[in-house]
Amino acid sequence: MNARSYGQFCGLARAIEMIGERWSMLVVRDLVLGPKRFTELQAGLPKIPASILSTRLNELEHWGVIRRRVTPQLDASVVYELTEYGGELDQIVLQLGMWGARSLTEPCPDEVITTDAAILALYGAFRPEAALDRRITFELRLGPLVVTAIVADGSVKVAEGCSEQFDISIEPKNPAILNQLLKGEVDAATAIADGRVIVKGAPEHLELFSQIFHVDSTPAPSEGLVVH
């Protein structure tokens with residue numbers, strides 16, 4: 001497991017050794033929302049070879065980021081889950097996802113958006129200060145993928161599946177339109193008027209959606225370490 005060592009006694013170097021290999025962070029991403037079987041991880045990462053997935057799981061287990069557990073059900077299947085140590089990556093995953101979202105443009109023909117990616121994108125884009133004293137349910141449809149976000153007094157719960165009691169159902173023409181909406185590159189009224197977003201329910205709630213879920217389109221001034 002140390003064959004790819006950077007040879008540096010540095011926390012960042014060690015972190016990259018642990019989770020910086022191709023696919024590793026996406027495996028972590030898909031375990032943030034809960035334990036998964038090997039086949040479920042494959043389904044969420046459709047382009048990963050089974051041998052590479054096995055290797056990454058073994059590496060992450062070696063570093064104490066994930067663990068295997070046998071379920072108590074009758075089939076006694078093996079699931080993979082984040083350890084307490086690995087669970088500390090959840091906010092890092094969200095922040096890194098929002099950082100990368102600023103560079104998303106049009107999806108390539110072979111690029112897909114998965115349910116876990118959509119759910120985590122909404123968690124990452126959520127702005128609690130814009131959701132204070134709000135109680136509203138958003139249903140988001142991206143092709144066959146459907147997730148529901150329930151906002152209540154500054155908190156949000158996002159889950160797979162549709163809602164029978166949504167306040168607005170939002171169906172962008174493609175994921176790029178959703179990203180543009182969240183970045184403020186297209187306003188809600190225009191997106192509805194020109195057919196880029198189809199809504200059911202109260203149309204004015206689309207503007208509220210873009211306020212509650214927001215991706216910064218430009219870097220914010222750093223409030224951390226500044227070296228002069």
Under 3.5 Å, sequence neighbours excluded: what are the donor-acceptor pairs made by side chains of residues 40-53?
unit_1	atom_1	unit_2	atom_2	d
Glu40	OE1	Arg37	N	2.7
Lys47	NZ	Asp110	OD2	3.2

Q: Output all residues satisfying side-chain contact (heavy atoms from CB on, under 4.5 Å) with Gln165, sequence neighbours left out; order by chain, then residue number.
A: Ser163
Q) Would you say Leu57 and Phe38 make side-chain contact, with heavy atoms under 4.5 Å? A) yes
**Q.** Note, Phe209 side chain near Ile170 side chain (heavy atom, < 4.5 Å)
**A.** yes
Q.
Donor-acceptor pair, distance only, cut-off 3.5 Å: does the side chain of Thr148 make one with the backbone of Gly161?
A. yes
Q | Pairwise side-chain contact, Val32 with Leu120, heavy-atom cut-off 4.5 Å (strictly under) | A | yes
Q: Determine yes or no for a side-chain-to-main-chain donor-acceptor pair under 3.5 angstrom, with Ser210 supplying the side chain and Leu182 the backbone.
A: no
Q. CD of Glu164: more than 12 outside heavy atoms within 6.0 angstrom?
A. no
Q: Check whether any side-chain heavy atom of Gln211 sits under 4.5 Å from a side-chain heavy atom of Arg127, and report yes or no.
A: no
Q. For the residue pair Leu60 and Ile19, what are the closest heavy atoms and their distance?
A. CD2-CG2, 4.0 Å
Q. Where do Ala130 and Ile212 come nearest, in terms of heavy atoms and distance?
A. O-CG1, 3.7 Å
Q: Please identify each residue that fulfils side-chain hydrogen bond (donor to acceptor under 3.5 Å, both in side chains) with Glu21, with sequence neighbours left out.
A: Arg4
Q: May I ask whether Val147 and Leu104 are part of the same hydrophobic cluster, defined by side-chain heavy atoms of I, L, V, M, F, W, Y residues being less than 4.5 angstrom apart, directly or through others?
A: no
Q. Distance from Ile192 atom CD1 to Leu206 atom CG, nearest 0.5 Å?
A. 4.5 Å
Q) Is there a side-chain contact between Val65 and Val28, using heavy atoms and a 4.5 Å cut-off? A) yes
Q) Mind checking what makes salt bridge (charged side-chain N to carboxylate O under 4.0 Å, His left out) contact with Arg22, not counting sequence neighbours? A) none
Q.
My understanding is that only residues two or more places apart in sequence, or in another chain, count here; which of them pass salt bridge (charged side-chain N to carboxylate O under 4.0 Å, His left out) with Arg29?
A. none
Q. Nearest 0.5 Å, what's the CG-OG1 distance between Asp167 and Thr137?
A. 5.5 Å
Q: Report the C-alpha separation of Asn58 and Thr55 in whole Å, then their side-chain angles, then the decisive distance to 0.1 Å, and conclude whether the side chain to side chain donor-acceptor pair (under 3.5 Å) test is met.
A: CA-CA 5 Å; Asn58 288 335; Thr55 298; 5.7 Å; no
Q) With hydrophobic residues grouped by side-chain heavy-atom distances under 4.5 Å, do Ile168 and Ile150 end up in a single group? A) no
Q: Mind checking side-chain contact (heavy atoms from CB on, under 4.5 Å) for Ala202 and listing every partner two or more places apart, or none if nothing turns up?
A: Glu204, His205
Q: First locate atom CD1 of Ile113, then atom CG of Leu142, and finally report the distance between them rounded to the nearest 0.5 Å.
A: 5.0 Å
**Q.** Joint cluster assignment, Ile177 & Leu181, ILVMFWY side-chain distance < 4.5 Å
**A.** yes
Q: Determine, for Glu171 against Arg196, whether the closest basic-nitrogen to carboxylate-oxygen distance falls under 4.0 angstrom.
A: no
Q) Under a 4.5 Å side-chain heavy-atom rule over Ile, Leu, Val, Met, Phe, Trp and Tyr, are Ile119 and Phe166 clustered together? A) no
Q: Measure the shortest side-chain to side-chain distance between Ser24 and Met18 over non-hydrogen atoms and say whether it is less than 4.5 angstrom.
A: no
(Q) Around atom CD of Glu160, are there more than 12 heavy atoms from other residues, nucleotides or ligands closer than 6.0 Å? (A) no
Q | From Glu61 atom CD to Glu59 atom CD, the distance as rounded to the nearest 0.5 Å | A | 11.5 Å
**Q.** More than 12 heavy atoms from other groups under 6.0 Å of CG on Asp153
**A.** yes
Q) Which atoms form the tightest heavy-atom contact between Leu122 and Phe213, and what is the distance? A) O-CD2, 3.4 Å
(Q) Apply side-chain contact (heavy atoms from CB on, under 4.5 Å) to residues Leu140 and Leu178 and explain how you reach the verdict. (A) CA-CA 10 Å; Leu140 179 62; Leu178 175 63; 3.8 Å; yes
Q: Please identify each residue that fulfils side-chain contact (heavy atoms from CB on, under 4.5 Å) with Ser155, with sequence neighbours left out.
A: Ala152
Q | Pro128: side-chain contact (heavy atoms from CB on, under 4.5 Å) partners, not counting sequence neighbours | A | Phe126
Q) Would a distance-only check, ignoring hydrogens and angles, find a side-chain to backbone donor-acceptor pair under 3.5 Å from Asn174 to Pro107? A) no
**Q.** Separation between CZ of Arg56 and CE of Met25, rounded to the nearest 0.5 Å
**A.** 13.5 Å
Q. Considering only heavy atoms from C-beta outward, does the side chain of Lys36 approach that of Val79 to under 4.5 Å?
A. no
**Q.** Residues that Tyr80 engages under side-chain hydrogen bond (donor to acceptor under 3.5 Å, both in side chains), provided they are two or more places apart
**A.** Arg68
Q: Would you indicate whether the side-chain heavy atoms of Arg14 and Phe9 approach each other to under 4.5 Å?
A: no
Q: Give the minimum heavy-atom separation between Ser169 and Glu139, together with the two atoms involved.
A: OG-OE1, 2.8 Å
(Q) Using the salt bridge (charged side-chain N to carboxylate O under 4.0 Å, His left out) criterion, which residues pair with Glu207? Sequence neighbours excluded. (A) none
Q: Give me the other members of the hydrophobic cluster that Tyr6 sits in, counting Ile, Leu, Val, Met, Phe, Trp and Tyr linked by side-chain heavy atoms under 4.5 Å, directly or via other members.
A: Leu12, Ile16
Q: For residues Leu31 and Ile66, report the shortest heavy-atom separation together with the two atoms involved.
A: CD1-CG2, 3.7 Å
Q: Kindly work out whether a path of hydrophobic side-chain contacts (I/L/V/M/F/W/Y, heavy atoms less than 4.5 Å apart) joins Trp99 to Tyr123.
A: yes
Result block: side-chain N/O donor-acceptor pairs under 3.5 angstrom for residues 88-96, not counting sequence neighbours:
none

**Q.** Minimum-distance pair of heavy atoms, taken over all atoms of Arg102 and Lys183
**A.** O-NZ, 3.4 Å
